[in-house]
There are 2 protein chains.
Amino acid sequence: MCALTPHVTYKLRGFGPMECASEDWLSDLASRNIRTLPPRIDLLRQGDGTGPMHILLDGWAIRYKMLVDGRRQILSILLPGDIFDINGFMAKSMDHSIASLTGVKLAVLDKDVLATARSDYPDVEKLLWCDMHVSAAIQREWSTSLGQRTARERMAQLLCELYTRQTSSHLCEGQACAFHLTQTELAETLGMTPVYVNRTLQDLRREGLIQLENRTLTIHDLPSLEQLALFDPGYLRICESDGGTDLNKERADVL
Amino acid sequence: MCALTPHVTYKLRGFGPMECASEDWLSDLASRNIRTLPPRIDLLRQGDGTGPMHILLDGWAIRYKMLVDGRRQILSILLPGDIFDINGFMAKSMDHSIASLTGVKLAVLDKDVLATARSDYPDVEKLLWCDMHVSAAIQREWSTSLGQRTARERMAQLLCELYTRQTSSHLCEGQACAFHLTQTELAETLGMTPVYVNRTLQDLRREGLIQLENRTLTIHDLPSLEQLALFDPGYLRICESDGGTDLNKERADVL
DNA sequence: CGAAGCATTGACCCTATTCAATTTTGGTGG
DNA sequence: CCACCAAAATTGAATAGGGTCAATGCTTCG
């Protein structure tokens, strides 16, 4: 019945209105096949065939990819309410893996959810699309981070993003939110070494910007952190009515 | 009528069979609104509202994102046959820009192509999905590159990818293919400085692996280059019958 | 033919890595 | 409840990969 926890609903509603009937339908679907899994195991694996759509109801997970020599890049952080593998079955195999960080509660949905949503619950179809677009935008922002930002900036950007995303899902309490990455995992996310992650975090702490302990992140000075990160939350909002920042020069007005 | 150039068709067919009727339909649609545009202008801009679907019929383009202070990251290289903004109108605004590198020929398609394809030309719908999945996989591979590979490895990986993608579309002649990025653009793609791009390229040339001049890339020793790049082309083939490399340890067999 | 953009080179420097050791934390069993 | 162990965090010192700055040569194209 009530498979969708409140923050999952908050997250989805962030993309637009959802009818009660739609929410009930989705909630019912999600409740039919729920998996509870322990921390730090692979949920889906690089090379496997693709599968159904998943909703992460509770806990944190990651998407990652490994090079043949064992180096690992974390590609996304999946938070409660995040959806993955929408329409994944259209591909034949996974190019990456998904793993739990904490214990997780996972709804495994039928592969025809999208088709049913399309015909019967258009508001749900739209929410699924939005989630997919935002995920892609986050991926692009991370690429930009890895390519252009310094280590300090990347760290600040990631903290801003995770805080902002959790705020949108009503997962924060004041300036504090959960934070379930170890320093080694932070390193694999930010393309740096664990040692340097440690030093960077200490700098940010020493400067009074953040606190990070007991799997809790507290942001003491969000404006300064955002400025340091060159953080423009526009990419998290491309599916809301208002867009990002405009920073352009010339234009093909032909189009 | 024959708006789809042969290599565009080759590329799409790479994802699976396409009926003649479907190809005719798509070709006809594409021919209705074709834009020919000069090199190095923005086609779509960060902050703009979203628009219709596009097929790049001819020429090279890039997807890029800028930080507020002007640093630029190139996120994708769009080659002839590449499709972008499938379903883009579901989002409200662009978080990135698209620009031409060479002169380009661009088909601008109606936003309901996907819907029509779904009902009348399912094989086309599948091809569109496949293109989207492969684009996402490429994006993930690039993130992995930026985070984990050294400068040399990143360079080698990019060259392997562009050569392989062009080969799939029958755009190569033997060991040679087109290459329309300046060293500065390579730098913006690989997250390094133009100076170091130059030095890295010279190393690869000196070692007899490649040649790069007159907008032409020649790969003299593909196996060595692939090995240096840790290149596993699986991510380009997730929509074909055969998957990537398996490199796993333990598994949540619960699922 | 001139100018602007692109490629190339050298010298110096700094950000982030490497390696290695130590401390702290968290979880487990006795 | 404490002892123990493994994983995570922290610290220091040395170093390398890649960045910065600045100058020069080479193309391309109007």
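To find a chain, count down the sequence lines: A is the first, B the second, and so on, and within it residues start at 1.
Distances from the side chain of B/Tyr196 to the nucleotides D/dT28, D/dT11, D/dG17 place D/dG17 closest. The side chain of B/Arg199 approaches C/dA11 more closely than any other nucleotide in the set C/dC19, D/dG18, C/dA11. In the set D/dT20, C/dA7, D/dG12, the nucleotide with an atom closest to the side chain of B/Asn198 is C/dA7. Taking every side-chain heavy atom of A/Thr193 into account, C/dT17 is the closest of D/dT10, C/dA7, C/dT17.
Under the side chain to side chain contact (heavy atoms under 4.5 Å, CB included) test applied with A/Phe231, the options A/Leu236, A/Leu222, A/Leu158, A/Leu159 reduce to a single match, A/Leu236. Each of A/Gln73, A/Arg71, A/Lys65, A/Glu188 was evaluated against B/Gln148; a single residue qualifies, A/Gln73, per the side chain to side chain donor-acceptor pair (under 3.5 Å) test.
Between the CZ atom of B/Arg40 and the C1' atom of D/dC29 there is a distance of 14 Å, rounded to whole Å. As a whole-Å value, the separation of B/Arg215 CZ from D/dC29 C1' is 12 Å. Look at CG on B/Leu201: it is 15 Å from C1' on D/dG18, rounded to the nearest Å. Rounded to an integer number of Å, the gap from CG of A/Leu212 to P of D/dA8 is 15 Å. Put simply, CD on A/Gln183 is 13 Å from P on C/dG26, counting in whole angstrom units. For the pair B/Arg154 CZ and D/dG17 P, the interatomic distance rounds to 13 Å; values are reported in whole Å. Whole-Å rounding puts the A/Met155 CE to C/dT15 P distance at 16 Å. Nucleotide C/dA7 holds its C1' atom 13 Å from the CD atom of B/Glu185, rounded to whole Å.
Where B/Thr184 and A/Val197 each meet DNA chain C at their nearest nucleotide, the meeting point lying more 5' is that of B/Thr184. Between A/Arg152 and A/Val195, the residue whose closest nucleotide on DNA chain C is further toward the 5' end is A/Arg152.
Note on A/Arg205: only backbone sugar-phosphate atoms sit closer than 4.0 angstrom, heavy atoms only; bases stay farther off. Contacts of A/Thr182 with the nucleic acid, taken as non-hydrogen atoms under 4.0 Å apart, involve only primed sugar atoms and P, OP1 or OP2. Within 4.0 Å (heavy atoms only), A/Arg206 reaches no atom of the nucleic acid at all.
Looking at A/Thr216, its side chain never comes within 3.5 Å of a backbone N or O of A/Ala178 through a donor-acceptor pair.
Between A/Arg205 and A/Glu213 there is no salt bridge, since none of the side-chain N atoms of the basic residue sits less than 4.0 Å from a carboxylate O of the acidic one.
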Quiz prompt | side-chain hydrogen bond (donor to acceptor under 3.5 Å, both in side chains) evaluation trace for A/His220 with A/Gln175 | solution = CA-CA 7 Å; A/His220 291 124; A/Gln175 303 177 307; 5.5 Å; no
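An OP1 or OP2 oxygen of C/dA7 is reached within less than 4.0 angstrom by no side-chain nitrogen or oxygen of B/Gln202. In terms of phosphate contacts, A/Asn214 brings a side-chain nitrogen or oxygen within less than 4.0 Å of OP1 or OP2 of C/dG26.
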